[in-house]
*Asks:* 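The structure follows.
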Amino acid sequence: MKIISAEFVISNTDVMLCPDKNIPEYAFIGRSNVGKSSLINSLLNKKSLAKTSSQPGKTQLINHFLINKNWYLVDLPGFGYAKASKKKIKSFQRLISSYFEQRNQLISAFVLIDIRHEPQKIDLNFMYWLGKKKIPFSIIFTKSDKIKIKEINNKINTYIYKMSEQWSIVPKYFTSSAHTKSGIKEILDYISQMNSL
Ligand code: GDP
């Protein structure tokens with residue numbers, strides 16, 4: 001898919017106020033610092049449409065971007081910041097559950113995982129929750145340029161092996177780098193394919 005236009009539409013703290021047009025949307029979510037903003041900017045071929053390294057203390061927002069005038073890319077708040085207060089974690093959970101429970105136009109989520117890290121409970125639990133809610137999702141292993149090419153498969157296999165303890169079918173996954181742009185085309189082509197179904 002070629003990105004012809006990418007416009008910021010709206011930021012919300014309330015799912016009810018998200019755009020009500022019935023066009024397909026794809027949500028990007030992951031732990032703070034996973035590389036979500038960098039990946040979104042790479043996907044959309046923009047330098048800074050999504051803000052990189054947004055401060056963990058900042059208001060958590062659901063950001064809608066309209067792409068090629070026919071689908072939304074949704075930038076969801078980052079989670080798992082070590083110093084987040086209990087109150088912040090609760091409000092994050094409320095926001096995220098209402099988003100996933102209410103957005104019928106959501107075609108798929110992309111859960112971002114830093115390829116360097118061992119499987120983390122917070123991510124595994126979150127994906128398990130998505131599965132229980134029957135919300136389609138794929139994984140994107142980010143920052144693949146940070147490890148040697150021959151380590152990439154090992155890291156992914158370890159992760160998938162861990163997931164297979166909870167899942168009989170392992171979700172689709174991509175590997176990406178915002179620096180080398182690897183994986184960007186594959187993710188966009190996948191979205192394009194889903195949009196044409
Ligand atoms: P976010 O908090 O998930 O939105 O993460 P950011 O996109 O702000 O990235 C967090 C940090 O990781 C920044 O210092 C980025 O420059 C760096 N980063 C993000 N993506 C990549 C990548 O693909 N490769 C490398 N080497 N660094 C990255």
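Ligands are counted one by one from 1 in listed order, and the atoms in each one are counted from 1 as well. The structure displayed is predicted, hence computed values, not measured ones.
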*Asks:* So, do Lys155 and Ile152 sit near enough that their side-chain heavy atoms are less than 4.5 Å apart?
*Replies:*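 Lys155 does not reach Ile152 side chain to side chain.
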
*Asks:* For ligand 1, note which part of Lys36 has a heavy atom under 4.0 Å away: side chain, backbone, both or neither.
*Replies:* both

*Asks:* Counting neighbours of CZ on Phe92 that are heavy atoms of other residues, nucleotides or ligands and sit closer than 6.0 Å, is the number greater than 12?
*Replies:*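 More than 12 within 6.0 Å, yes.
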
*Asks:* So, does Val34 sit close enough to ligand 1 that a heavy atom of it is under 4.0 Å from the ligand?
*Replies:* yes

*Asks:* My understanding is that we take every heavy atom of each candidate and find the minimum distance to atom 12 (O) of ligand 1. Doing that for Arg31, Lys143, Arg116, which one comes out nearest?
*Replies:*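 The nearest heavy atom belongs to Lys143.
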
*Asks:* Should you measure from each heavy atom of Ser177, which atoms of ligand 1 turn up under 4.0 Å away?
*Replies:* 23 (O)

*Asks:* Check the surroundings of atom CG in Asp189: do more than 12 heavy atoms from other residues, nucleotides or ligands lie under 6.0 Å from it?
*Replies:* yes

*Asks:* Judged by non-hydrogen atoms, does Gly30 sit under 4.0 Å from ligand 1?
*Replies:* no

*Asks:* Distance only, no hydrogens: is a donor on one side chain within 3.5 Å (strictly under) of an acceptor on the other, for Asn63 and Ser11?
*Replies:* yes

*Asks:* Can you list the ligand 1 atoms lying under 4.0 Å from a non-hydrogen atom of Lys146?
*Replies:* 25 (C), 26 (N), 27 (N)

*Asks:* Can you list the ligand 1 atoms lying under 4.0 Å from a non-hydrogen atom of Ala178?
*Replies:*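 Matching atoms, with element in brackets: 20 (N), 22 (C), 23 (O).
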
*Asks:* Hey, is ligand 1 close enough to Ser176 that some N/O pair sits below 3.5 Å?
*Replies:*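 No, there is no polar N/O contact under 3.5 Å.
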
*Asks:* Would you mind listing which atoms of ligand 1 come within a distance below 4.0 Å of any non-hydrogen atom of Asn33?
*Replies:*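 Once the distances to Asn33 are compared, the set is 1 (P), 2 (O), 3 (O), 5 (O), 10 (C), 11 (C).
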
*Asks:* Only one of Glu25, Lys21, Glu7 forms a side chain to side chain donor-acceptor pair (under 3.5 Å) with His64, so which one is it?
*Replies:* Glu25

*Asks:* Does the N or O separation between Leu39 and ligand 1 drop below 3.5 Å for any pair?
*Replies:*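 No.
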
*Asks:* So do Ser32 and Phe79 actually touch side chain to side chain, heavy atoms under 4.5 Å?
*Replies:*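 No; the side chains remain at least 4.5 Å from each other.
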
*Asks:* Can you check whether Phe110 reaches Tyr173 side chain to side chain, under 4.5 Å on heavy atoms?
*Replies:* no

*Asks:* Would Ser37 count as a polar contact of ligand 1, with the cut-off being nitrogen or oxygen pairs under 3.5 Å?
*Replies:* yes

*Asks:* Please report whether the ring centroid of Tyr26 lies less than 6.0 Å from that of Tyr72.
*Replies:* no

